[in-house]
Amino acid sequence: MNSPHHFLDELNSAQRAAAAHIHGPMMVIAGAGSGKTRVLTYRIAYLIEQGIDPFNILALTFTNKAAKEMKNRISKLIGDGDSRHIWMGTFHSIFARILRIESEKINFPRNFSIYDSADSKSLIKDVLKEMGLDDKLYKPGMVHHRISTCKNNLISPADYAADAVMVGDDRSSGRPRMAEVYAQYNLRLLKAGAMDFDDLLFKTNELLRDYPDVLHRYQHKFQYILVDEYQDTNFSQYLIVKQLAAAFQNVCVVGDDAQSIYAFRGANIQNILNFRKDYPDFSLYKLEQNYRSTKTIVEAANSIISKNRDQIKKEVWTDNDQGQKIRVHRAATDNDEGQFVAGQIYQVRANEQADPSEFAILYRTNAQSRSFEESLRKLNIPYKIYGGLSFYQRKEIKDLIAYFRLTCNPNDEEAVKRVINYPKRGIGDTTIQKLMIGASERGVSLWDMMDRCGEVGIGGSAGQRLSEFMVMIRSFQVQLETKNAYDMGYLIAQESGILRDLFADRTPEGIARYENIQELLNGMKEFSDIVDLDFPDQIRTMPDFLVDVALLTDADQEKDEEGGKVSLMTIHAAKGLEFPYVYIVGLEDGLFPSAMSLDSREDLEEERRLFYVALTRAEKEATISYALMRYKWGQPQWSERSPFIDEIDPIYLDLPAEDKSPKRSAPIDFQSQRNDWGTRPSQPAPKTAAPKPTASPSTPIAAPAGFKRVQSTSSSSAAGTVNADVQEGNEVMHEKFGKGKVLKIEGESPDLKATIFFPSAGQKQLLLKFAKLQVLS
DNA sequence: TTAGTTCGGGTTTTT
DNA sequence: CCCGAACTAA
């Protein structure tokens, strides 16, 4: 034992106590900027130094980037020979790896595909179409969200169908077949050998539940478990951790309830409370000293978060200087806001010799980036946008990756649909429709149906093209295990014709697309060149690459290559980052807090935590701005300043003169609303109760957050009855085209189609069940 | 089957 | 305003 633990001495006493805790359950509640990542890395380093095998450590982070960074920092402390063997990554990527290893147990191919949200939604659309459901009523996005919420709470399709509350809820909102859609969606995933994001966790739970030997094996492999950003875990993740930690109970969770900003995707702060119940003898460590920000920023942030009812008490404080007041700027328009911020950055940069990388512009929605881009460009300030369309969501990248996926897993239906006729090879919609119908009738995958396309009357040139396509894919497949990811990728890009197709497009966008493909291939080269020191002879293949790539997100992008740039990103993306100068923009009522959050206290509190996260990113100076008018879909839109501004104690603010006037035009009185919500008489039984920690995976959970009342969407029925008596020759009034004369009515009820002549708009064909018509004569 | 057009709807936030 | 879906013409 080497007695001077030099690296632990670099911590303050609270941090050191947490980092030196080895055995038994522990929780670290860490205020913003209090060095939580530091504690995690030092603790892992310390564990290893104390002789614990890195092979037995599992560290779950929120992003891949966080994992990578932490690994680097650990290897700086103890050398990378040891740190290499730690299993460190996001829940999704770690358990995707494990599911791949155990794939045969859960009836999935080893190279199962991972569907991203776009794939999931596309599949849902298919399912709806096949079931003959209206996708205006069953909106794919909404259906997906509902299914996702279920999966995150471990509610299977069977549980769903058996749950009277949820089924009743669906029935009353006019969507009685929701449970069926869910079941069908899962069936199609199974047939395609694919999992969506939520399945990666759901199936892990099933695996651990149904295979005690597997559970036992991983319990003994992962004797020390650490979870970062614990406040952002959902029930499914919670239960995985609980099961894995059950044997040794060496589980360490780190989080900050004040920074929980992912409830909308199922994160459950209640997991923190569950932890207390599951491990009554756990040790609690609180990190309350902030090292990041000025007193002004820390105290202003405290004043914001104190408005929330749901929170764990803690006192975040700092020894740092008081610093500048937070400047509030009121701009006339979104463009003015952009110019103001860019101008400020220009000035501060000149006055303080600051590098562009010291600035961040944070907004609520990605769409807000435009005006800042423009203004920064005009002043020649380099910037980088994080988020928005991530690299892997670009069409050309998704297309090529679809070829990769198809090669690794021919049953991947979303991949087939994407590339079967791209680049154009004369396989049109009719052929694809025939195949899809045939496949679903026979219960086989699209690919298998292609093999038997004669059965659905596809022959001649279409059949010929189809078989050429299959021959090509098969020629890729046979090389899958012998070629590395890069060689394989290059071959596919070439042979599929994608490279040629993109090269032919000489527009700037076309050139950019071509370069993106090059970049993807470069990335694959890098990936393929990595040598696993423990298995130096093993090649890194395309399936290996796909597991990584499917779960990479924009937050994982490398900081940046060369030279400093101003960072533009959503507040969600800024989580965990820090900048000397932070601009929080678009502080308008309805934008931030989002209009969607205004009718529930929980949602509003999440917005408030988001604001807290934004402000606490700042080290030296924070500036807040808002615009009285901004364009939305090309239309001007006026708004009031955000009530959040008024929630900050004004002693920390540098307000513009207009905003100091005590009489304000009736902003929401949040104080009194809070009281209303405290008792909430209008709400029937506010079931905020968390899922019971002891719940078995199949226990349905009472009304998860996403399940609040669904707005009624039935407006077309009224129009239908009105239109029933439209006759040929009638004069009618249309809300958009004005007066018109009915020339002809054809088709069968309820699909009656009318040909109407409108003097103002010409002749139109309208379906009576949809058109809003008034009969005049 | 494809290319060219119109039309309607979408903006929270993301693994 | 911008994208994809749906429709129309060749």
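Just so it is clear, the structure is predicted and the values come from calculations on it, not from any experiment. Throughout, protein chains are lettered first and strands after them, A, B, ... in sequence-line order, and every chain is numbered starting at 1. Side-chain atoms are counted along with the backbone in the values below, which use heavy atoms only and exclude waters and symmetry mates.
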| request: Examine Arg265(A) relative to Tyr262(A) and say whether NZ or CZ is less than 6.0 Å from the centre of the six-membered ring and inside a 45° cone about the ring axis. | output: yes

Between [atom2] of [N] and [atom1] of [X], the distance in whole Å:
X         : N       : atom1 : atom2 : value
Asp135(A) : dG10(B) : CG    : C1'   : 14 Å
Asn152(A) : dT14(B) : CG    : C1'   : 12 Å
His144(A) : dT12(B) : NE2   : P     : 16 Å
Met596(A) : dT11(B) : CE    : P     : 8 Å
Lys139(A) : dG8(B)  : NZ    : P     : 15 Å
Asp134(A) : dG8(B)  : CG    : P     : 15 Å
Phe264(A) : dT11(B) : CZ    : P     : 13 Å
Leu551(A) : dT14(B) : CG    : C1'   : 12 Å

| said: How close do Leu99(A) and Asp199(A) get, counting heavy atoms only, and between which atoms? | reply: CD1-O, 4.4 Å

Side chain to side chain donor-acceptor pair (under 3.5 Å) against [X], all qualifying residues, sequence neighbours excluded:
X         : answer
Asp116(A) : Lys398(A)
Asp135(A) : none
Tyr115(A) : Asp412(A)

Is there any protein nitrogen or oxygen under 3.5 Å from a nitrogen or oxygen in nucleotides 2-5 of chain B, and what are the pairs?
| from | atom 1 | to | atom 2 | distance (Å) |
| --- | --- | --- | --- | --- |
| dT2(B) | OP1 | Gly426(A) | N | 3.3 |
| dT2(B) | OP2 | Asn421(A) | ND2 | 3.2 |

Given [options], identify the nucleotide with an atom nearest to the side chain of [X].
X         : options                   : answer
Tyr262(A) : dT15(B), dT12(B), dT14(B) : dT14(B)
Ala573(A) : dT15(B), dT14(B), dT13(B) : dT14(B)
Phe197(A) : dT15(B), dT13(B), dC1(C)  : dT15(B)
Lys136(A) : dC1(C), dT14(B), dG9(B)   : dG9(B)
Thr90(A)  : dT11(B), dT15(B), dT14(B) : dT15(B)

| task | Classify the nucleic acid contact of Ser93(A) as base, sugar-phosphate or nothing, counting any heavy atom under 4.0 Å across all strands shown. | result | nothing

Extract from the structure each pairing of a protein N or O with an N or O of nucleotides 2-4 of chain C at less than 3.5 Å, listing the distance.
none

| field | Residues Glu373(A) and Arg370(A) bridged, charged N to O under 4.0 Å | value | no

| request: Ignoring backbone atoms, establish whether Thr570(A) has a side-chain N or O less than 4.0 Å from OP1 or OP2 of dT14(B). | output: yes

| message | Any side-chain N or O of Asn366(A) below 4.0 angstrom from OP1/OP2 of dT12(B)? | response | no

| task | Look at the aromatic rings of Phe372(A) and Tyr363(A) and report parallel, tilted or perpendicular, splitting at 30° and 60°. | result | parallel

| said: Below 30° counts as parallel, above 60° as perpendicular, anything between as tilted: where do the rings of Phe112(A) and Phe108(A) land? | reply: perpendicular

| said: Could you work out, with salt bridge (Lys or Arg N to Asp or Glu O under 4.0 Å) as the rule, every residue matching Arg630(A), not counting sequence neighbours? | reply: Glu337(A), Glu588(A)

| Taking for each residue the nucleotide of DNA chain B bearing the nearest heavy atom, is the 5' side occupied by Leu591(A) or by Arg265(A)? | Leu591(A)

| task | For this output row, return yes or no: ring centroids of Tyr386(A) and His572(A) closer than 6.0 angstrom. | result | no

